[in-house]
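This report refers to the structure that appears directly beneath it.
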Amino acid sequence: EARANSTNVRLYTPVAESLADNQRTLLETLEIALQRGELQLFYQPKLNTVYRSLAGAEALMRWQTADGAFISPAEFIPVAEANEIIRPLTWWAIKSAIARLARWPEDLSIAVNIAPTLLLDDQIVAVVGDALDIYGVTPKRLMLEVTERIMVGDTETMLGQLGRLRLIGVQVSLDDFGTGYSSLSYFRDLPVDEIKIDGSFVHNMLECGKDHAIVKAIIDLAHNFSLKVVAEGVETEPVFERLKELGCDVVQGYFLDRPLSAKDFEASYGIHRAGVGEKQPLKDHPLM
Ligand code: C2E
Ligand code: MG
Ligand code: MG
Ligand code: MG
C-alpha cells in the first residue's frame, strides 16, 4: 500500500514540474513577444442578419513567433489569465482596437475579450476612457466581451465595474452564453447589452433538436429582456438561414469569414482610412 503510494508520487511529480516549466517558458516568451510587437489583433466580422450588413468585428489575439508560426489564444490566454501578464496584454488589446476604430466608419464596432479578473482592476475604466478620449472614438463603438465567469468570485465588484464602463457609454456582451454559471436570477440584473450564444450550441443545431431548442430559447430570452443576440460559430448557410428565421440579430462564424489580419479585413470589407462614410457594398461576399 505504502509502496504503491510512493510510486504514484514519483510518477506524478516530474509531470507536474514539467508542466510548470512549460508554463513559465510560455510566460517569459509571451512577455518578450508583447515587447517586440509579435502580437496582433485579428478581426472576425459580425454581420447583421436582417440587412446583411457589417455590424463590426471581434478582435481576436494572434501570436506570430519569429519563425512565422501562430500560437493559438486557446493555448496562451488561459496561462496569461492565471498570471499578471493578462493585464498589459489586455490594455494593449483595448488601445489597439480603439486605434483601429478611429480609422473605421462610424457605424462599425469592435469587440474586445476581457478576462474576469480585469474587472477587479480599478484601472480598467480609466484605460478604456482615456483611450477613447485620445483617439476621439464614440464609446458605444467599443464592445467588451465578458463571460459568465464574472458570476463567480467577487461578483459585486465586477458587476459594479461593468456598470461604470456602461456609464461612459461602452457596450458589454456576455460571451459563450450557456456554457458557464448562468443563473436566471443574475440574468435579471445583468448590466449587458448583448448575449452571445456559444458556438457549441450553434454548430449542430440543425442535426440536434436539443441544441436547436437551446438556441431558440436563448434568442427568445434575450429579446424578452430587450437584449441583442449574437450567434458565434456559424459554419454553414443553412445554419445562418435558420438563425435568421429565429430572429437572431447578428451572426459570426467561418461561413461568413475567418478572423483576418487588419489589412485583410479592411481590404475585404472596403474600409479605407480616407473612406470613412463611403463604405463599399460587400461585393464578392457569400451573402451578397
Ligand atoms: P471567443 O471569444 O469565444 O472567440 C471565438 C472563437 O471561435 C475564436 O477562436 C474564433 O476564431 C473561433 N471561431 C470563429 N468562428 C468559428 C466557427 O465558425 N467555428 C469554430 N469552430 N470556431 C470559430 P480563437 O481566436 O482561437 O480564440 C479562442 C478564445 O481565446 C476566445 O474565444 C477568447 O476566449 C480567447 N481570446 C482571444 N483573444 C483574446 C483577447 O484578446 N483577450 C482575452 N482575454 N481572450 C482572448
Ligand atoms: Mg469573444
Ligand atoms: Mg465566444
Ligand atoms: Mg466560445
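Numbering of ligands and ligand atoms starts at 1, following listing order.
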Who gets closest to atom 1 (P) of ligand 1 by heavy atom: L89, D175, I114? D175
Considering only non-hydrogen protein atoms, determine which one is nearest to atom 41 (O) of ligand 1 and report residue, atom name and distance to 0.1 Å. M61 CE, 3.1 Å
Any protein heavy atom nearer than 4.0 Å to atom 34 (O) of ligand 1: no
Between D249 and H223, do the side chains contain an N or O donor and an N or O acceptor separated by less than 3.5 Å? yes
NZ or CZ of R62 within 45° of F70 ring axis and under 6.0 Å: no
Using a strict threshold of under 4.0 Å (side-chain N to carboxylate O), is an ion pair present between R149 and E81? yes
Using 0.5 Å steps for rounding, measure from the OG1 atom of T236 to the CG atom of N204. 9.5 Å
Does the plane of the ring in F76 sit parallel, tilted or perpendicular to the ring in W63? Use 30° and 60° as the thresholds. perpendicular
Specify the protein heavy atom at minimum distance from atom 19 (N) of ligand 1: its residue, its atom name, and the distance to 0.1 Å. E235 OE2, 2.6 Å
Exercise: do D264 and Y43 side chains pair donor with acceptor under 3.5 Å: no
To which protein heavy atom is atom 36 (N) of ligand 1 closest, and what is the distance rounded to 0.1 Å? I77 CG1, 4.0 Å
What's the shortest distance from atom 5 (C) of ligand 1 to any protein heavy atom, and which residue and atom give it? E232 OE1, 4.0 Å
Subset of ligand 1 atoms that lie under 4.0 Å from at least one heavy atom of P73: 24 (P), 25 (O), 26 (O), 27 (O), 30 (O), 37 (C)
Carboxylate-amine/guanidinium proximity below 4.0 Å for K244 and E237: no
Among the N/O/S atoms of E145, which is closest to the Mg ion (ligand 2)? Give the atom name. OE1
Can you tell me which residue and heavy atom of the protein come closest to atom 12 (C) of ligand 1, and the distance to 0.1 Å? Y254 OH, 4.1 Å
Vertex the Mg ion (ligand 4): angle to OD1 of D176 and OE2 of E232, to 10°? 90°
Heavy atoms only: which of L256, L39, N113, D198 lies closest to atom 43 (C) of ligand 1? N113
Salt bridge between K196 and D176, side-chain N to carboxylate O under 4.0 Å? no
Where do L27 and I85 land on the side chain to side chain contact (heavy atoms under 4.5 Å, CB included) test, with the steps shown first? CA-CA 8 Å; L27 276 173; I85 195 167; 3.6 Å; yes
Only heavy atoms of E81, strictly under 4.0 Å: list the atoms of ligand 1 that pass. 44 (N)
Determine, using heavy atoms of P259 and all atoms of ligand 1, whether some pair is separated by less than 4.0 Å. yes
Mark the output for T90 as yes if a heavy-atom distance to ligand 1 is under 4.0 Å, and as no if none is. no
Does the side chain of S53 come under 3.5 Å of the side chain of N48 through a donor N or O and an acceptor N or O? yes
Checking side-chain polar atoms at under 3.5 Å, does R141 have a donor or acceptor matched by the opposite partner on Q171? no
Look at atom 6 (C) of ligand 1 and say which protein heavy atom is nearest, naming residue and atom and giving the distance to 0.1 Å. L60 CD2, 4.8 Å
Minimum-distance protein heavy atom relative to atom 3 (O) of ligand 1: D176 OD1, 3.0 Å
With a 4.0 Å cut-off on heavy atoms, does R62 reach ligand 1? yes
Apex the Mg ion (ligand 2) - arms OD1 from N113 and OE2 from E58 - angle rounded to 10°: 90°
Looking only at side-chain N and O atoms, does Q44 offer a donor or acceptor that is under 3.5 Å from a partner on Q252? yes
Is a salt bridge present between E232 and K46, judged by a nitrogen-to-oxygen distance below 4.0 Å? no
Sub-4.0 Å protein heavy atom near atom 29 (C) of ligand 1: no
Sub-4.0 Å heavy-atom contact, H203 with ligand 1: yes
Record the part of E58 in heavy-atom contact with ligand 1 below 4.0 Å; permitted values are side chain, backbone, both and neither. side chain
Any N/O of Q44 closer than 3.5 Å to an N/O of ligand 1? yes
For Q161 and D122, test the side chains for any donor-to-acceptor distance below 3.5 angstrom and give the result as yes or no. no
Specify whether an N/O/S atom of D175 falls short of 2.8 Å from the Mg ion (ligand 4). no
